[in-house]
Undergrad: 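Structure in structure tokens, see below.
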Amino acid sequence: MNKHVNNVTPETTDLSRRSFLVGTAASGLVLGYAGVPGIGEALAAPSNFEPSVWYAIAPDGLVTVTCGKADMGQHIASTMAQIVCEELGAKWSDMRVNLASNDPKFNDPVLGAQITGGSWSTMMNFDAMSRAGAAGRMALTEGAAAAMGVPASELVVRDSMIVHAKSKKQMSFAEIVKSGKATKTFTPDELKAIKLKTPDQYTMIGVSVPQLDIPSKTNGTAKYGIDVMLPGMAYGAVVTPPVRFGATVKSVDDSAAKKVPGFIKAITLDDKTQTTSGWVVAVASTYANAKKAAAALKIAYDGGPNAKVSSETLLDEAKRLQKLEDSGQFFVKDGDPNAAFGTAAKVLEAEYTTSINIHAPMEPMNATAEFKGDILHVYSGNQFATRSGAIAAGAAGIDPKFVVMHQMWLGGGFGRRLDADMMIPAVQAAKAIGKPVKVIYTRENDMTMDFSRPLTYQKVKAGVDGDGKLVALSHDVVSAWPTARWGIPDFLTPSVDKKGPLDSFTVNGADFFYTVPNHHVRAIKNELAHNATPSGQLRSVAPGWTFWAVESMIDEIAAAAGKDPAQFRIALLDGKGKNDGGAQRLRNTLLAAMGLSGYGTKQLPKGEGMGVACVSSQERATASWTACVAHVAVAPSGEVTVKKLTVATDVGTQVHPDNIRAQVEGAALWGLSLAMYEKATLKDGGIEQTNFDSYTPLRMSQMPEVAVAVIANGEKATGVGEPAVTVVAPAIGNAIFNASGARVRALPITAEAVKGAMKA
């Protein structure tokens with residue numbers, strides 16, 4: 001997601017899908033606040049000093065940083081405060097955090113739309129937040145100099161105090177703000193010209209300070225979407241159709257629902273944004289009664305065009321599309337692989353697949369909607385406020401500028417809350433009954449209607465010369481296109497063959513940092529999957545499947561060439577041409593993981609093996625360099641036990657060491673869960689798995705040992721929330737081969753597949 005959405009006011013209001021998902025979302029939305037009284041609770045009091053839109057200093061000296069990113073447990077709000085604090089010179093105990101609304105002022109021209117994903121938050125905000133902090137320090141210093149009557153150059157700032165050593169005079173931030181002397185403002189050019197600290201000068205960056213959000217989350221004062229309570233509020237429970245998308249409601253019999261105490265109304269959603277299809281929401285005075293009423297509704301459906309679609313038909317269609325020479329668009333087109341295959345000493349081909357995967361965050365999807373006059377207020381935790389406001393407006397049939405989004409803490413997101421489907425029933429129910437309505441999904445609602453990670457099919461072909469050197473590789477990736485579903489042109493990427501835009505978030509990672517002279521990557525949209533299983537971005541996005549194929553095939557090539565797979569990778573990471581810089585950093589992480597794990601130095605028992613993989617997730621332009629060595633044991637039955645995962649990651653500049661390790665550990669375990677345990681299937685157009693009894697993420701009893709090496713070299717900060725997800729599955733697959741000789745090419749990896757491959 002390397003595109004930014006600019007802040008441009010839409011000229012017209014058209015309640016069509018294109019208007020709300022393209023016209024408004026892509027144009028940046030001017031939502032709410034325009035001459036509307038009583039909104040904008042995040043705005044600072046007039047007596048505060050606001051050096052930047054991103055933080056304010058109160059007369060009591062407290063510094064409140066407003067985080068424009070969704071905080072779903074990764075502590076990004078605290079990280080933003082830590083970056084500001086470093087340059088501002090504040091005392092950490094004086095720092096506070098706040099979550100941004102959708103006020104247009106937070107659509108920053110540098111930072112772009114309010115979207116949280118791609119492990120971008122720290123890497124894309126570090127410089128801007130550092131400069132904001134430095135600007136505040138400079139303004140406070142000038143104010144203190146004026147108040148003390150001393151040169152600003154002689155003042156030292158530390159721990160929320162400004163001190164003049166010669167005269168022994170000093171002023172606290174609080175005193176300077178109260179004095180009104182801090183008035184300096186900065187133009188964008190002046191901000192750019194500020195000389196920031198060098199890493200050797202840091203006193204806050206690189207320190208594991210207490211996370212600012214933990215006290216409120218432990219004492220119950222932090223408010224999640226599910227905690228919202230409004231006067232006179234009613235509750236909504238949704239009834240979702242048996243088909244994931246494309247069904248319509250033919251009739252609703254609410255006679256039994258009317259017998260439920262507190263029942264108010266059953267509303268068939270009329271969703272012009274086409275986010276939902278065939279939904280009904282039952283509204284009652286309590287959530288328990290809303291659920292009872294929803295269960296009592298008798299609804300007749302037309303299943304629509306996808307009523308007979310299954311996982312098998314999606315995979316069959318993917319294979320058909322891949323065989324067509326003119327399907328898809330090229331993402332990478334270097335050299336001529338087909339010609340190189342003709343002269344190669346050895347050619348290998350393999351097919352790799354991944355299943356549908358579900359987000360399932362612990363806090364169920366929820367939203368509360370309230371109309372106050374012409375203004376629609378929506379309370380929810382979401383990862384894409386810019387787009388979500390447009391969806392809410394589309395659901396209400398109003399101009400987007402009259403929507404106010406109240407950002408809440410998120411009880412897990414992982415990409416699920418990039419979508420705003422939960423807002424649609426809340427908005428339409430609130431409009432229908434004239435009261436605030438809170439909608440809460442059941443776990444079954446969320447699983448069967450998730451914007452899932454798509455089922456993918458990949459065909460990889462590789463050629464090696466007589467010396468075992470990789471000379472050509474072609475890679476076709478067939479899947480639904482999650483980003484294209486958003487209808488935001490700025491998030492699509494021009495194809496290199498000029499055939500039109502493609503969804504690069506289905507192929508990122510396939511443009512790796514190995515030096516291969518002939519390399520093609522083709523992105524192919526599976527229209528059937530795109531329509532039947534509207535897909536979203538799940539933690540790690542495309543590299544979660546592209547590196548499964550790439551890093552598995554690299555091992556297969558190394559084995560065919562009779563070379564150690566780790567050394568084979570090191571030779572490919574020579575940093576030539578466009579791979580300069582990146583390849584070297586990736587090689588270093590691989591070497592670090594090998595060293596920490598003892599790869600190649602241990603005599604393992606029979607049935608055990610180590611496998612390696614190294615990745616540049618998320619995208620080439622925003623890469624995080626990560627390597628993994630997986631240690632597994634494979635039983636004769638095919639059962640696989642993952643004994644240890646060793647992960648090394650190059651983070652450039654580390655803001656909070658403990659948090660980085662936690663993020664990497666969590667990502668590695670998520671990767672393990674996807675690799676071994678998680679699978680959703682489609683039958684008759686609907687997701688079959690409805691709860692954690694049938695959709696089975698990693699359990700505590702299945703936890704391996706996890707070792708993490710963090711490389712902090714002072715380079716630009718990289719993201720850490722997702723990359724380790726992408727490296728684990730291929731490392732495990734490669735370890736299974738080294739332990740048993742079984743080559744697995746489908747996720748999740750099953751004992752049956754391993755046993756079958758052992759016999760082959």
Side-chain angles (χ1 to χ4, degrees), residues 1-5 17-18 21-23 25-26 118 274 314-342 349 351-354 454-463 472-514 516-537 541-547 549-550 553 577-578 618-622:
M1 301 180 178
N2 50 2
K3 307 290 183 184
H4 288 305
V5 180
R17 171 181 168 82
R18 180 165 184 81
L21 299 192
V22 180
Q274 295 181 35
L314 297 182
L315 184 57
D316 289 344
E317 175 65 1
K319 291 180 178 180
R320 184 190 73 82
L321 290 168
Q322 187 275 329
K323 288 183 175 71
L324 301 177
E325 291 185 2
D326 62 345
S327 64
Q329 292 106 296
F330 278 95
F331 181 56
V332 176
K333 201 172 186 183
D334 297 335
D336 188 348
N338 288 331
F341 293 145
E349 293 187 62
E351 299 175 334
Y352 300 93
T353 61
T354 65
L455 178 150
T456 71
Y457 170 76
Q458 300 176 79
K459 182 72 175 289
V460 186
K461 186 175 181 179
L473 189 140
S474 68
H475 185 179
D476 294 338
V477 184
V478 191
S479 72
W481 283 12
T483 320
R485 180 180 59 80
W486 291 351
I488 304 177
D490 281 356
F491 279 91
L492 299 180
T493 301
S495 61
V496 296
D497 55 359
K498 311 299 183 186
K499 284 179 65 177
L502 58 84
D503 187 351
S504 61
F505 301 105
T506 64
V507 283
N508 282 324
D511 54 340
F512 45 62
F513 279 80
Y514 297 126
V516 181
N518 302 287
H519 182 206
H520 285 184
V521 178
R522 187 167 56 140
I524 303 171
K525 182 182 181 183
N526 186 338
E527 197 72 46
L528 180 63
H530 189 78
N531 295 328
T533 57
S535 297
Q537 316 290 4
V541 196
W545 58 83
T546 57
F547 278 121
V550 168
M553 178 53 97
K578 65 180 181 181
Q618 289 295 111
E619 310 149 66
R620 280 185 71 97
T622 56

Undergrad: Could you walk me through whether R522 and S327 pass the side-chain hydrogen bond (donor to acceptor under 3.5 Å, both in side chains) check?
TA: CA-CA 9 Å; R522 187 167 56 140; S327 64; 3.2 Å; yes
Undergrad: Are L528 and L314 side-chain neighbours, meaning at least one heavy-atom pair lies under 4.5 Å?
TA: yes
Undergrad: Heavy atoms only: give me the nearest A318-Y457 pair and the separation to one decimal.
TA: CB-CB, 3.7 Å
Undergrad: Report the distance from atom CG of D503 to atom CD1 of I524, rounding to the nearest 0.5 Å.
TA: 13.5 Å
Undergrad: Would you say K333's side chain and S495's backbone share a donor-acceptor pair under 3.5 angstrom?
TA: no
Undergrad: Rounded at 0.5 Å granularity, tell me how far CD in Q322 sits from CD in E351.
TA: 7.5 Å
Undergrad: Any salt bridge linking K459 with D476? Criterion: basic side-chain nitrogen under 4.0 Å from a carboxylate oxygen.
TA: no
Undergrad: Please evaluate residues T483 and Q537 with respect to the criterion side-chain hydrogen bond (donor to acceptor under 3.5 Å, both in side chains), reporting the C-alpha separation (whole Å), side-chain torsions for both, the decisive distance (0.1 Å), and the verdict.
TA: CA-CA 8 Å; T483 320; Q537 316 290 4; 2.7 Å; yes
Undergrad: To the closest 0.5 Å, what do you measure between CG (L473) and CE (M553)?
TA: 6.5 Å
Undergrad: So which atom in A523 and which in T506 form the shortest heavy-atom distance, rounded to 0.1 Å?
TA: CB-OG1, 4.4 Å
Undergrad: State whether the side chain of N508 and the backbone N or O of Q618 hold a donor-acceptor pair below 3.5 Å, judged by distance alone.
TA: no
Undergrad: Between P454 and T354, what is the shortest heavy-atom contact and its length?
TA: O-OG1, 3.9 Å
Undergrad: Any chance you could measure L492, atom CG, to S504, atom OG, to the nearest 0.5 Å?
TA: 7.5 Å
Undergrad: Return the minimal non-hydrogen interatomic distance between R620 and K578, and the atom names on each side.
TA: NH2-O, 2.9 Å
Undergrad: Do H519 and F512 make the cut of ring centroids closer than 6.0 angstrom?
TA: yes
Undergrad: Could you give the distance from CG (N526) to OG1 (T456), rounded to the nearest 0.5 Å?
TA: 10.5 Å
Undergrad: Test your reading of the model: is there a side-chain donor-acceptor pair from R485 to the backbone of P534, 3.5 Å cut-off?
TA: no
Undergrad: Quick check against the 3.5 Å criterion: does H475 have a side-chain atom that pairs as donor or acceptor with the backbone of V521?
TA: no
Undergrad: Nearest 0.5 Å please: distance from the OG1 atom of T353 over to the NZ atom of K319.
TA: 8.0 Å
Undergrad: State, to 0.1 Å, how close F341 and G463 come at their nearest heavy-atom pair, and which atoms those are.
TA: CE2-N, 3.5 Å
Undergrad: Of the non-hydrogen atoms in G335 and N518, which two are nearest, and what is the gap between them?
TA: CA-OD1, 3.5 Å
Undergrad: Check V477, V507, D497 against L502 for a side chain to side chain contact (heavy atoms under 4.5 Å, CB included) and give me the one that passes.
TA: V507
Undergrad: Over 60° means perpendicular and under 30° means parallel, so classify the ring planes of F330 and H520, tilted if in between.
TA: perpendicular
